[in-house]
There are 2 protein chains.
Amino acid sequence: MSASLKDVAKLAGVSVKTVSNVVNDYRYVSAATRARVRSAIDELGYQPNLTARHLRYGRSGIIGLALPELDIPYFAELAKAVIGVAEQQSWSVLIDQTDGRGDRERQTVSGPRAQTLDGLILSPLTLDASYLAGLREDLPLVLLGERVRPGTADHVVIDNVAAARDATRHLIALGRRRIAAIGDQHNSDAGTAEVRLRGYREALAEAGIAPDPALVLPAMSYHRPDGAEAMRRLLTLPEPPDAVFCFNDLLALGALRTLLSSGVRVPQDVALAGIDDIQDGRFSTPTLTTIAPDKEQIAEAAVTMLLERVNGYVGPPRELVAGHRLVARESTVGRG
Amino acid sequence: MSASLKDVAKLAGVSVKTVSNVVNDYRYVSAATRARVRSAIDELGYQPNLTARHLRYGRSGIIGLALPELDIPYFAELAKAVIGVAEQQSWSVLIDQTDGRGDRERQTVSGPRAQTLDGLILSPLTLDASYLAGLREDLPLVLLGERVRPGTADHVVIDNVAAARDATRHLIALGRRRIAAIGDQHNSDAGTAEVRLRGYREALAEAGIAPDPALVLPAMSYHRPDGAEAMRRLLTLPEPPDAVFCFNDLLALGALRTLLSSGVRVPQDVALAGIDDIQDGRFSTPTLTTIAPDKEQIAEAAVTMLLERVNGYVGPPRELVAGHRLVARESTVGRG
DNA sequence: GATCGGGTTTACAACGTTGTACATCGATCA
DNA sequence: TGATCGATGTACAACGTTGTAAACCCGATC
């Protein structure tokens, strides 16, 4: 058992509250008393019991971070950043993995575990409207990503239309004309897939390239095997693409695997670009051209907005658009 | 504010304790009362306040997982598994990133944040003896990995000597004779590096291959750039290796990058193997031969051992050796 | 008809903390 | 000299929960 205020008080011969006052640097404690209490604290190795504090304050000091899976590099890197930022402000982060399943996501936001949280940063995959219904109505919430109707909660995004457009423009600028897209998803509207698809189409339109529906491939999820599979199908087309834009880097790495093991040269035969700038893409061969979202900024903004809400800020839902930039690597421009 | 027992009690016209009894399925509550309380609970949407419970019980329901960095795939995959197992038993996991720095690790185990934890799973990089001194002496602890003198706490490992030996044997069986090792670390004794180096040497000795010190390269840390850099140096040797065993997969992926961008063929010119079986290695080109530790088993064992301690088990420190197996892929055996 | 016993319910205290209100004290001021 | 003031310290209650012990009620027992 660790020492409590009571133990310290007894040892120092003062009241419990006085010890509490010392611990909290309350102004009106005489130097003598303070010294006596301090030494008692040291002697007993007292550390305040955070659980009791949290009960008293009606807060837990813990925010939740709900994301699909930690072994997806983008989310791992994001989690790292979020934890880092939160830690700087003495907040702890509890990670919940939703597996991208709607029921798990709902449970996360409404289950008893959510009860302990002072706020939640949610990076949903399947978020629909019914979702927010289950919410503790007083739980501060920040949403990450695009799959949300604006106006439901604070959220942090990147401009996915622009990101996809930038990537596609880059491929066009290289002289490619048959540009495929991997990562379409039919079921979800207003999802990431839709906006990235829009950006892709806009870039094609700008360049006066007629869109070919056969070049737009769906992906069940956004993992490497999905990209590999989609690429296999693209290679069977009578007229295969000369460039592929994948809606995230994992899909691109999967596609890359298929290309290389099929003897297709990248980027000579097919140029390849993704989104996320995960670390793997910096060490693949060829290295992967990608759109790099500013993850630090995203994490920083998410935590900041959330803590503002936790601290009582009220106001209409806010949206922050974090920056992104094109990082051209070997998979499109070859070896410099 | 969410409803408390008191609110429910008032609505149902019973005492607070009776509501508590209903919530906890206490035996002696009449059917009528129970029904009345239940409906009051539903009406108010009552959910127990876990913070208060934890205070009452002297527990937080939260275990810590301290690891170097989440963006290292091995740790991300491990974290995923640990969180999954803990969740099944209704425990929450709080992740702490130590960055592999000793001071951060020490802070993790002794700082105020540790105060809230019921137990800690620690995967240290620089753990030394002074480390455990700062520990809350009553904090249940499970250590992961090898960098620990046995006898200090429960810990879960794989047989790193055997793992390294298996990988090296595999390279030898392919007919390679100049086998390099990347990942040596001088400063730490009894660390992962040392045991893996030992396994490597044992396998060489078995095969009657004279060890060449020039083929053993250190790595500052175990990230991709370290592997890439070490490989660069190996390639400058008058007699470069025909195989490389890296002490983890990230080093191997870094080395692979260097090899391929130098025009060296893998595995024809140089065969390559790592340890960890991270997902990247299944989609690199060539795919990466590796030693796969049973991460599920590790996570399962760590959580189980920890919760046993939390639940009062006392006894001498235990050690569990989790399984591992060789996964031969293209980087050694080429394309099947 | 008083006693017993078991089911059922309740009041109270406690986990460790801090806000509020009040008590105490010495010094200052009219 | 007595009132006032600020500095310092304290007792108490409360956050929401549950263990303990005791109270209550009813039917069965003697």
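All chains are named by letter (A, B, ...) in the order of the sequence lines, taking the proteins before the strands, and each is independently numbered beginning at 1.
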Rounded distance (Å) that lies between atom [atom2] of [N] and atom [atom1] of [X]:
X      : N       : atom1 : atom2 : answer
L55(A) : dG16(C) : CG    : C1'   : 9 Å
Y57(B) : dC15(D) : OH    : P     : 20 Å
I41(A) : dT17(C) : CD1   : C1'   : 14 Å
R59(B) : dG19(D) : CZ    : P     : 13 Å
Q47(B) : dG16(D) : CD    : P     : 15 Å
R56(A) : dC12(D) : CZ    : P     : 16 Å
L5(B)  : dC15(D) : CG    : P     : 12 Å
N49(B) : dA14(D) : CG    : C1'   : 14 Å

Residue pair [X] / [Y], side-chain heavy-atom distance below 4.5 Å:
X       : Y       : answer
V93(A)  : I95(B)  : no
N49(A)  : R53(A)  : no
L144(A) : I121(A) : yes
Y28(B)  : S30(B)  : no

Contact under 4.0 Å: N24(A) side-chain N or O vs dT18(C) OP1/OP2: yes

R53(A) vs dG16(C): side-chain N/O to OP1/OP2 distance below 4.0 Å: no

Write out a two-atom table: protein N or O, nucleotide N or O from nucleotides 8-12 of chain C, distance below 3.5 Å.
{"from": "dT9(C)", "atom 1": "OP1", "to": "S30(B)", "atom 2": "OG", "distance (Å)": "3.0"}
{"from": "dT9(C)", "atom 1": "OP1", "to": "T33(B)", "atom 2": "OG1", "distance (Å)": "2.2"}
{"from": "dT9(C)", "atom 1": "OP2", "to": "S30(B)", "atom 2": "N", "distance (Å)": "2.9"}
{"from": "dT10(C)", "atom 1": "OP2", "to": "S15(B)", "atom 2": "N", "distance (Å)": "3.0"}
{"from": "dT10(C)", "atom 1": "OP2", "to": "S15(B)", "atom 2": "OG", "distance (Å)": "3.1"}
{"from": "dT10(C)", "atom 1": "OP2", "to": "T18(B)", "atom 2": "OG1", "distance (Å)": "2.4"}

Expected output: side-chain N24(A) to main-chain S20(A) donor-acceptor under 3.5 Å: yes

Donor-acceptor contact present, side-chain D7(A) to main-chain A3(A), <3.5 Å: no

Electrostatic pair K80(A):D71(B) at N-O distance under 4.0 angstrom: yes

Salt bridge D25(A)-R38(A), side-chain N to carboxylate O under 4.0 Å: yes

5' priority, DNA chain C, between V23(A) and K6(A) [closest heavy atom]: K6(A)

Over all atoms of both residues, closest heavy-atom pair of V142(B) and H155(B): CG1-CA, 4.4 Å

Please enumerate all protein N or O atoms sitting under 3.5 Å from an N or O of nucleotides 25-28 of chain D, with distances to 0.1 Å.
none

